[in-house]
Amino acid sequence: MADFPRRDGRRTVLGMIHLRPLPGTPFHQDGTLGKTLDSAVRSAVALERGGAHGCLIQTVERVYSVADESDPARTAAMTLITDAVVRATGAGFHVGVQMMRHAVSASLGVAKVTGGSFVRVGALVGQTLSPHGMVTPDPLRIMEYRRKIAGEDLGIIADIDSMHFSWFGGGKTTAEVAKAAAGAGADAVSLCHRDDDTTLRMIDAVRAAAPDLPVILAGHTHHDNAARLLAAADGAFVGSCLERSGWGSEIDPARVASYMDAVRSTGGRP
């Protein structure tokens, strides 16, 4: 069983590191991999210096396969980047991998060989309709592959109601999807909504259905609402409000430090 994440009273802040398109993808620009790697390392170090607990390295390639697959060059590039981030940060800094849209097996493989802590899975149960087609996960395959690579120590954080996942066809509450994801092997779930009150109701529903399941905010937090939302959740993926020049730019350690000040005001262990 994964040691991370857990419900232990700590609000776990995971900064988003958004990558340029990688080799093996249509919009990659030849010669940019070194710059992408260096930028990712600088952002990870900035997150650590600012007091964040970890990062999620996420591919941003504009168009994606909806299958659990990844081009070999892309996987190799992600491995180089993740390894560099792990080496540049301390042992207590959690490094996660998400190869979009649904390259879960490759994400697990990269995390395992580089010493990462977790992966984020955009769809673990059910189906979700993405701009690139229907994502149909295979939780049996995912869990079998995690076992095959002795990756039980890797946490799986599964989106259940977010910008990346919405149960196709309706008919399932957020709490029901959370229970299904946990039953399939998720170690934590992630959710969000643009409206703070709606997000808090979603968290309450998951807490009632699965009290021991960690809930990570999947987005839409910022310096003004972090204290309120993280008083209810166990952690958050945090992106653009920590970046110097908006979404996709490098992380600013001063922005991280001020966000962490807001988290400390929740009264939980930061």
- Query: So do P23 and L33 actually touch side chain to side chain, heavy atoms under 4.5 Å?
  - Reply: yes
- Task: Please list, chain by chain and in numerical order, all residues satisfying side chain to side chain contact (heavy atoms under 4.5 Å, CB included) with S43, sequence neighbours excluded.
- Result: I17, E250, I251
- Item | Contact check, side chains of Q98 and V119, non-hydrogen atoms, under 4.5 Å | no
- Message: Taking the side chain as everything from C-beta on, heavy atoms only, tell me whether D153 gets closer than 4.5 Å to K112.
- Response: yes
- Closest heavy-atom contact between L213 and A186? CD1-O, 4.2 Å
- Write out all pairs satisfying side-chain hydrogen bond (donor to acceptor under 3.5 Å, both in side chains) with one or both partners inside residues 128-145, taking only residues at least two apart or from two chains. Q127-T136
- Query: How far does CD1 of I142 sit from CG of L108, to the nearest 0.5 angstrom?
  - Reply: 7.5 Å
- Value for CG (L22) from CD (Q29), rounded to nearest 0.5 Å, stands at 12.5 Å
- Message: Please enumerate all residues that pass salt bridge (charged side-chain N to carboxylate O under 4.0 Å, His left out) together with R255, with sequence neighbours excluded.
- Response: D252
- Message: Quick one: does any side-chain atom of H53 pair with a main-chain N or O of V13 as donor and acceptor, under 3.5 Å?
- Response: yes
- Query: Under the criterion side chain to side chain donor-acceptor pair (under 3.5 Å), which of R11, R7, R10 is the partner of D234?
  - Reply: R7
- Message: Restricting to non-hydrogen atoms, name the atom on R120 and the atom on S190 that form the minimum distance, rounded to 0.1 Å.
- Response: NE-OG, 4.1 Å
- So, do V85 and C55 sit near enough that their side-chain heavy atoms are less than 4.5 Å apart? yes
- Message: Is it the case that the side chains of R74 and T59 hold a donor-acceptor pair, with the cut-off being a distance below 3.5 Å and no angle test?
- Response: yes
- Message: What I'd like to find out is whether the side chain of D197 reaches to under 4.5 Å of the side chain of T199, using heavy atoms alone.
- Response: no
